[in-house]
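First up is the structure itself, then whatever we jot down about it.
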Amino acid sequence: MNPVFLCPGQGAQAVGMGKGWFEASPAARAVFEAADRTLSLPGGAKLSELCFNGPAETLNRTDVSQPALYTCGIACARVLAERGMPDPVAAAGLSLGEYTALHLAGAFSFEDGLRLVATRGRLMQQAAESSKGGMVALIGADEAQAAEACSRTLAACGSGEVLVSANFNAPGQIVLSGSAAACAKAVEIAGELGLRATALQVAGAFHSPLMAPAAEGLAAALDGVTFHPLRCDVWSNVTARPHERENPKLLKKLLVDQLVNPVRWSQSCSELVAWAKGREATKFIELAPGSVLKGLFRRIDRSAEVTSNDQPS
């Protein structure tokens with residue numbers, strides 16, 4: 001079997017995440033223990049305790065959920081390896097999940113990656129709190145319709161507002177991101193265009209220009225980490241193409257760009273399926289937690305079978 005690892009992004013977190021893997025294997029336990037030693041969280045809480053027991057309102061914070069998802073995904077991957085699964089031949093991660101994929105491809109150590117995603121989460125949380133933005137899910141829209149919704153909304157709002165397409169999750173599932181007033185107006189404009197729109201309960205305007213302060217801080221953090229050549233292809237959320245395996249400067253730039261540019265997950269997955277079709281016995285493996293990516297794959301390409309690993313079997 002040639003596994004392709006799919007790594008969840010923010011929104012997949014849930015109280016209890018990783019606990020089954022922690023209890024099933026010393027390998028997973030070692031990952032959570034390393035995370036607890038490496039990270040200092042507000043109030044002195046342990047990351048493992050927040051993953052296993054919550055409370056949900058704390059786990060859902062951007063600065064907590066991101067290191068939690070990274071840790072849980074890697075704990076799952078370590079157990080799968082312990083049980084005989086080969087190293088991945090390729091990997092992709094949704095937004096935050098790109099860091100999980102990069103660690104599994106050998107880009108950086110677990111601890112360096114954990115500190116990076118914790119910094120990324122903290123910077124995004126700070127940018128969200130200072131910019132007062134939001135996100136809106138468009139159901140049934142294609143890229144051109146999403147662009148029209150943004151254009152009409154901004155024309156109606158006047159100057160000073162921000163609204164962009166931020167997440168291309170699957171065909172017919174696009175998320176807009178921007179200032180709070182623009183997001184509110186976008187719901188109204190979407191209805192006029194015959195589209196369904198729902199405001200999302202998120203901390204801020206992720207993957208939009210309002211994340212520029214976070215991008216600047218992340219660039220400085222990335223400069224302090226040594227990146228190694230990738231052992232397998234990892235798909236970039238920004239380009240929907242594999243990263244250059246031996247170009248750490250460009251890889252770091254794309255990780256910074258990811259904060260202020262749309263996540264092209266649907267296109268990445270389509271490219272990944274096409275890439276896999278020429279290879280024997282390729283299997284798509286979704287790491288813990290949840291099965292969000294399996295659900296998106298059903299919309300993107302039903303020919304690709306995804307196995308989720310929320311709990312040990």
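Just so you know, these numbers come straight off a predicted model, no measurement behind them. Start at 1 with the first residue, then count along the sequence.
Nearest approach of V260 to A212, heavy atoms of both residues: CG1-N, 3.7 Å. Between H228 and G106, the shortest heavy-atom distance links the atoms CB-O, 3.4 Å. Annotation for A101 and G93: closest pair CB-N, 4.2 Å, computed over non-hydrogen atoms. For the pair A127 and L210, the tightest heavy-atom approach, listed with the atom from each and the gap, is CB-O, 4.1 Å. The two residues G97 and C7 come nearest to each other via the heavy atoms O-CB, 3.4 Å. Residues V234 and A105 share a closest heavy-atom pair of CG2-CB, 3.5 Å.
With S179 contributing its side chain and A181 its backbone, the two residues share no donor-acceptor pair below 3.5 Å. K185 contributes no side-chain N or O that, together with a main-chain N or O of T153, makes up a donor-acceptor pair within less than 3.5 Å. Proximity of a side-chain donor or acceptor of T71 to a complementary backbone N or O of P67 within less than 3.5 Å is detected. The backbone N or O of V225 lies less than 3.5 Å from a partner atom in the side chain of K252, making a donor-acceptor pair. For Q145 (side chain) and D142 (main-chain N/O), a donor-acceptor pair under 3.5 Å exists by modelled atom type. Not one N or O on the side chain of Q13 forms a donor-acceptor pair closer than 3.5 Å with the backbone of L59.
Taking 4.0 Å as the cut-off between side-chain N and carboxylate O, R245 and D233 count as a salt-bridged pair. Between E82 and R78, none of the side-chain N atoms (NZ, or NE/NH1/NH2) sits under 4.0 Å from a carboxylate O, so this pair counts as no salt bridge. Between E244 and K249 no salt bridge is recorded (no basic side-chain N to carboxylate O distance below 4.0 Å).
By the neighbour-count criterion of 12 heavy atoms within 6.0 Å, atom CD of E305 is sparsely surrounded, having that number or fewer from other residues, nucleotides or ligands. With a 6.0 Å radius and a threshold of 12 heavy atoms from other residues, nucleotides or ligands, E192 has its CD atom above the threshold. K283 NZ: 12 or fewer foreign heavy atoms inside a 6.0 Å radius. Atom CD of E246 sits in a sparse spot, with 12 or fewer heavy atoms from other residues, nucleotides or ligands closer than 6.0 Å. Taking a 6.0 Å sphere around CD of E216, one finds it holds 12 or fewer heavy atoms contributed by other residues, nucleotides or ligands. More than 12 heavy atoms of other residues, nucleotides or ligands lie within 6.0 Å of CZ in R83, so this atom counts as buried by the packing criterion. Remark: R152 CZ is loosely packed, at most 12 non-hydrogen atoms of other residues, nucleotides or ligands lying under 6.0 Å away. For R279, the CZ atom sits in a packed shell: over 12 heavy atoms of surrounding residues, nucleotides or ligands are nearer than 6.0 Å.
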Test side chain to side chain contact (heavy atoms under 4.5 Å, CB included) on D87 and C232 and set out the steps. CA-CA 9 Å; D87 290 337; C232 70; over 6 Å; no
Check against side chain to side chain contact (heavy atoms under 4.5 Å, CB included), F52 and F32: CA-CA 11 Å; F52 303 159; F32 279 100; 4.0 Å; yes
Would S109 and R115 count as a side-chain hydrogen bond (donor to acceptor under 3.5 Å, both in side chains) here? Give the steps. CA-CA 10 Å; S109 69; R115 284 187 283 264; 5.3 Å; no
Trace of the side chain to side chain contact (heavy atoms under 4.5 Å, CB included) decision for L69 with M17: CA-CA 8 Å; L69 287 161; M17 59 188 282; 3.9 Å; yes
When you look at R120 and Q258, which way does the side-chain hydrogen bond (donor to acceptor under 3.5 Å, both in side chains) test go after all the steps? CA-CA 11 Å; R120 179 182 186 269; Q258 192 213 84; 2.5 Å; yes
Between V31 and W21, does the side chain to side chain contact (heavy atoms under 4.5 Å, CB included) criterion hold? Intermediate values first, please. CA-CA 10 Å; V31 172; W21 292 103; over 6 Å; no
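At a threshold of 4.5 Å between non-hydrogen side-chain atoms, the residues L138 and R196 do not count as touching. The closest side-chain heavy-atom distance from L6 to I285 is not below 4.5 Å. Looking at L193 and E148, their side chains come closer than 4.5 Å, going by heavy atoms from C-beta outward. Within the 4.5 Å cutoff, the side chain of L102 has heavy atoms near those of the L251 side chain. Put simply, the side chain of C183 reaches to within 4.5 Å of the side chain of V136, judged on heavy atoms. At least one side-chain heavy atom of S291 sits under 4.5 Å from a side-chain heavy atom of E286. Annotation: side chain of S65 is in contact with side chain of Q10 (closest heavy-atom distance under 4.5 Å). With contacts defined as side-chain heavy-atom distances shorter than 4.5 Å, the pair S48/E33 does not qualify.
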Could you pull out every donor-acceptor pair under 3.5 Å between side chains of residues 165-177 and any protein atom, sequence neighbours left out?
| from | atom 1 | to | atom 2 | distance (Å) |
| --- | --- | --- | --- | --- |
| S177 | OG | A205 | O | 3.4 |
| S177 | OG | F206 | N | 3.3 |
| S177 | OG | F206 | O | 2.8 |

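With hydrophobic clusters built from ILVMFWY side chains whose heavy atoms lie under 4.5 angstrom apart, W265 shares a cluster with V4. Linking ILVMFWY side-chain heavy atoms closer than 4.5 Å, directly or via other members, places F22 and V79 in two distinct hydrophobic clusters. The cluster map of Ile, Leu, Val, Met, Phe, Trp and Tyr, joined by side-chain heavy atoms under 4.5 Å apart, puts V89 and M85 in different clusters. A continuous path of Ile, Leu, Val, Met, Phe, Trp and Tyr side chains, each step under 4.5 Å between heavy atoms, connects L47 with V117, placing both in one hydrophobic cluster. By the criterion of side-chain heavy atoms lying less than 4.5 angstrom apart, applied directly or through intervening Ile, Leu, Val, Met, Phe, Trp or Tyr residues, L254 is not grouped with M211; the two fall into different hydrophobic clusters.
The structure places CH2 of W235 at 8.0 Å from CD of E271, a figure rounded to the nearest 0.5 Å. Rounding to the nearest 0.5 Å gives a distance of 11.0 Å between NZ of K253 and CG of N247. Distance check, rounded to the nearest 0.5 Å: CZ of R298 to CG of L293 gives 11.5 Å. Put simply, CZ on R264 and SG on C269 are 13.5 Å apart, with the number rounded to the nearest 0.5 Å. With values rounded to the nearest 0.5 angstrom, E161 atom CD is found 8.0 Å from L154 atom CG. With rounding to the nearest 0.5 Å, the separation of CG in L272 from CG in D301 is 10.0 Å.
Exactly one of C72, C76, P289 qualifies for a side-chain contact (heavy atoms from CB on, under 4.5 Å) with D310. That residue is P289.
Using cut-offs of 30° and 60° on the angle between ring planes, the pair F108 and Y99 is tilted.
With no hydrogens or angles considered, a side-chain donor-acceptor pair links H243 and E98 at under 3.5 Å.
For residues 134-158, no residue pair satisfies the ring-ring contact (aromatic ring centres under 6.0 Å, His included) rule, not counting sequence neighbours.
For an aromatic pair to be called close, the ring centres must be under 6.0 Å apart, and Y70 with F110 satisfies this.
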